[in-house]
Each structure stands twice: as C-alpha cells, then as structure tokens.
Amino acid sequence: MSLLIKRWHELADVKEELADRDWFMGTSGNLSIRVGSHPTTFWVTSSGKDKRKRTSEDFLLVDGVGNPAEETDLKPSAETLLHVKIYERTQAGCGLHVHTIDNNLISELYGDEGEVVFQGQEIIKALGLWEEDAIIKVPIIPNYADIPRLAEEFASHIHGDQGAVLIRNHGITVWGRTAFEAKKFLEAYEFLFSYQLKLRLVQRDFQTN
Ligand SMILES: CSCCC(=O)C(=O)COP(=O)(O)O
Ligand SMILES: [Zn+2]
C-alpha cells in the first residue's frame with residue numbers, strides 16, 4: 001500500500017473514532033494528516049461534510065499552502081490554513097480540530113485569562129509530562145471570523161511538534177507527531193475539560209448546600 005493510501009486510511013480511522021464520540025456536531029470539525037514534507041502535502045477533510053459518514057470524498061490532498069494538490073471538485077476545510085501553520089512550523093504529522101460542549105465552555109470560562117491551566121491530574125502523563133507537579137497550559141485565542149487572522153494568532157502558539165490551542169466558543173485544535181499521538185492528546189484534553197467543569201459544578205453545589 002502506498003504511503004498516500006496508508007495515511008488516508010489512518011485519518012479515516014481517527015475520524016471514525018472521533019465520530020463515535022459524537023465530536024462532529026453539525027458538520028463541525030476538521031482533520032489532517034501529513035503525507036510529505038519536501039514539498040509539504042497533507043490530507044485534509046472536505047469542507048462541510050457530515051464527518052460521521054465514511055465516504056471516498058472525505059479527504060482531499062492539499063499542498064503546503066492549503067490548495068488542492070490534485071484535480072478535484074472537493075473543497076478543503078474552511079480552516080485548512082490552521083493546519084497549514086502546523087505543518088509549516090513543525091514536523092507534526094497530524095492535526096485534529098473538534099467542537100465539543102466541554103471545550104467551548106472551558107474556552108468561555110477562561111477566555112478572558114487567555115489560557116486554562118491544569119495541574120495534579122494523572123491524565124497529564126498522556127500529554128508526555130511525567131513529573132508529579134507537571135503543569136499544562138492551553139492558550140485560548142479569540143474566534144476571529146477572518147481565517148488568515150485566526151491562523152496568524154493560532155500560529156503564534158505553535159512551539160513544537162505537539163500542542164493545543166483553544167479557540168473561544170469555537171473548539172480546540174490539537175497536533176502531534178502521529179495520528180495516534182494527536183488523538184491521545186485530544187482525548188486527554190477533553191478529559192481535563194470535562195473534569196474541570198464537573199468539579200466546578202460539584203464545588204458550587206457543595207457551597208450552596
Ligand atoms: C459547521 S461549524 C463552522 C465551521 C467550522 O468551524 C468547522 O470546524 C468545520 O468547517 P469545515 O469547513 O472544516 O467543514
Ligand atoms: Zn471549527
């Protein structure tokens with residue numbers, strides 16, 4: 001099997017797993033996987049599709065600036081430019097963007113602070129930080145409607161082959177060296193968000209009773 005096809009299936013499998021979690025509400029979300037580096041090419045989800053369905057039109061191959069690399073009627077994700085920034089600045093192999101209620105709530109609750117900070121959670125080890133007192137900070141950026149502006153702001157928070165940025169009241173974009181790693185990170189972040197929200201609710205109930 002060619003690398004091109006192998007990566008297509010890898011991304012399709014990740015898409016299926018995230019769909020099983022119901023993380024593609026209302027056609028939201030977009031995914032990408034690197035195919036080449038010299039020059040950069042990657043598979044990216046077609047814009048506006050129901051990402052819970054598995055079809056031959058789910059992904060199209062784009063070049064290093066996000067334009068289709070082959071003749072196609074498919075339109076790359078409206079947010080392809082954010083994936084471009086990841087591959088331009090890092091050796092990352094995969095980028096995942098999902099809208100969940102939890103990541104939207106966290107982005108709104110901590111948006112004015114510009115970041116949300118986690119510490120003292122075992123799941124932080126899934127992000128590659130194994131120290132007992134490891135701290136994880138997720139930047140939160142404004143949801144600019146202008147995608148080049150959003151992509152520039154997003155890019156200012158890319159500092160390595162793995163990372164995550166929350167877009168306020170929009171969603172999260174996570175990247176990693178491989179599709180497996182990016183998915184693992186995404187799941188860990190969503191765990192932390194869900195925990196934090198539930199903790200705040202329980203604490204509030206505890207205080208009022
Ligand atoms: C339908 S949600 C608005 C667009 C969006 O934020 C998104 O993630 C999906 O857009 P795409 O063009 O990638 O389908
Ligand atoms: Zn989005």
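With respect to the salt-bridge test (charged N to carboxylate O, under 4.0 angstrom), the residues Asp205 and Arg200 do not qualify. We find that Glu187 and Arg21 are joined by a salt bridge, their nearest charged nitrogen and carboxylate oxygen being less than 4.0 Å apart. The residues Arg7 and Glu10 are annotated as salt-bridged, a charged nitrogen and a carboxylate oxygen being separated by less than 4.0 angstrom. A salt bridge links Asp58 and Lys15; the closest N-O separation between the charged side-chain nitrogens and carboxylate oxygens is under 4.0 Å. Salt bridge status for Asp102 with Lys198: absent, with no side-chain N to carboxylate O gap under 4.0 Å.
A side-chain donor-acceptor contact under 3.5 Å links Asn103 and Glu190. In the model, Ser32 has a side-chain atom that pairs as donor or acceptor with a side-chain atom of Tyr87 under 3.5 Å.
Counting only heavy atoms from C-beta outward, the side chains of Leu81 and Pro148 approach each other to under 4.5 Å. Looking only at side-chain heavy atoms (C-beta outward), Leu96 and Lys183 come within less than 4.5 Å of each other. Using a 4.5 Å heavy-atom cutoff, the side chains of Asn169 and Asn143 are not in contact. Looking at Leu82 and Leu150, their side chains come closer than 4.5 Å, going by heavy atoms from C-beta outward. Counting heavy atoms from C-beta outward, Phe118 and Ile135 have side chains that stay 4.5 Å or more apart. Looking only at side-chain heavy atoms (C-beta outward), Thr173 and Asn30 stay at 4.5 Å or farther from each other. Taking the side chain as every heavy atom from C-beta outward, Ile136 and Val117 never approach each other to under 4.5 Å. Glu70 places none of its side-chain heavy atoms less than 4.5 Å from the side chain of Leu60.
Among all heavy-atom pairs drawn from Thr80 and Gly66, the shortest one is CG2-CA, 3.8 Å. Residues Ile106 and Phe193 come closest through the heavy atom pair CG1-CB, 3.6 Å. Between Phe59 and Ser46, the closest heavy-atom pair is N-OG, 3.8 Å. Across every non-hydrogen atom of Phe185 and Gly176, the tightest pair is CE1-CA, 4.2 Å. When all heavy atoms of Ile124 and Ala134 are compared, the closest pair comes out as CD1-O, 3.9 Å. The shortest non-hydrogen separation linking Pro76 to Val62 is CB-CG1, 4.1 Å.
Under the 4.5 Å side-chain heavy-atom criterion for ILVMFWY residues, a single connected hydrophobic cluster contains both Leu186 and Ile140. Both Phe24 and Val174 belong to a single network of hydrophobic side chains, linked directly or stepwise wherever heavy atoms of I, L, V, M, F, W or Y lie under 4.5 Å apart. Connection of Ile167 to Ile172 is not established within any shared hydrophobic cluster, with ILVMFWY side chains joined at heavy-atom distances below 4.5 Å, either directly or through further cluster members. Hydrophobic clustering of Ile, Leu, Val, Met, Phe, Trp and Tyr side chains at less than 4.5 Å, counting indirect connections, keeps Leu18 apart from Phe42. Under the 4.5 Å side-chain heavy-atom criterion for Ile, Leu, Val, Met, Phe, Trp and Tyr, Val165 and Val116 are members of distinct hydrophobic clusters.
The distance from atom SG of Cys94 to atom CG of Asp161, rounded to the nearest 0.5 Å, is 13.0 Å. Going from atom CG of Leu61 over to atom CG of Leu74 covers 11.5 Å, rounded to the nearest 0.5 Å. In this structure, CG in Leu129 is found 13.0 Å from CD in Gln121, a value given to the nearest 0.5 Å. How far CG of Leu31 is from NZ of Lys51: 8.0 Å, rounded to the nearest 0.5 Å. Summarising the geometry, atom CD belonging to Glu181 is positioned 9.5 Å from atom CG belonging to Leu127; distances are rounded to the nearest 0.5 Å. Annotation: the span from Glu153 atom CD to Ile141 atom CD1 amounts to 5.5 Å, rounded to 0.5 Å.
Note on ring orientation: taking the six-membered ring where Trp is involved, the planes of Trp43 and Trp8 are perpendicular (angle over 60°, cut-offs 30° and 60°). Aromatic ring orientation, His157 versus His159: perpendicular (interplanar angle above 60°, classes split at 30° and 60°). Taking the six-membered ring where tryptophan is involved, the planes of His170 and His97 are perpendicular, since the angle between them exceeds 60° and thus also 30°.
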Working note: Leu105 + Glu108, criterion side-chain contact (heavy atoms from CB on, under 4.5 Å); need CA distance, chi angles, decisive distance, verdict.
CA-CA 5 Å; Leu105 283 170; Glu108 179 58 17; 5.8 Å; no

One pair to check against side-chain contact (heavy atoms from CB on, under 4.5 Å): Asp13 and Arg54. What are the steps and the verdict?
CA-CA 9 Å; Asp13 289 345; Arg54 190 166 176 138; 3.2 Å; yes

Under the criterion side-chain contact (heavy atoms from CB on, under 4.5 Å), I'd like the reasoning laid out for Phe154 against Ile86: C-alpha separation, chi angles, the key distance, then a yes or no.
CA-CA 9 Å; Phe154 171 77; Ile86 295 169; 3.8 Å; yes

Test log, rule salt bridge (Lys or Arg N to Asp or Glu O under 4.0 Å), inputs Glu16 and Arg52
CA-CA 7 Å; Glu16 201 165 287; Arg52 288 170 298 196; over 6 Å; no

Go through it in stages, so that I can follow the logic: the residues are Arg34 and Thr40, the test is side-chain contact (heavy atoms from CB on, under 4.5 Å), and I'd like the CA-CA distance, side-chain angles, deciding distance and then a yes or no.
CA-CA 8 Å; Arg34 188 195 288 274; Thr40 297; 4.0 Å; yes

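Between the side chain of Asn67 and the backbone N or O of Asp63, no donor-acceptor pair lies under 3.5 Å. Panel note: side chain Arg89, backbone Ile158; no donor-acceptor pair is recorded below 3.5 Å.
Both cation-pi conditions hold for Arg149 and Tyr144: the charged atom is under 6.0 angstrom from the six-membered ring centre and inside a 45 degree cone around its axis.
Under a cut-off of 6.0 angstrom, the local environment of CD1 in Ile101 is sparse, with at most 12 non-hydrogen atoms contributed by other residues, nucleotides or ligands. Enclosure of atom CD in Glu132 is not indicated, since only 12 or fewer non-hydrogen atoms of other residues, nucleotides or ligands lie within 6.0 angstrom.
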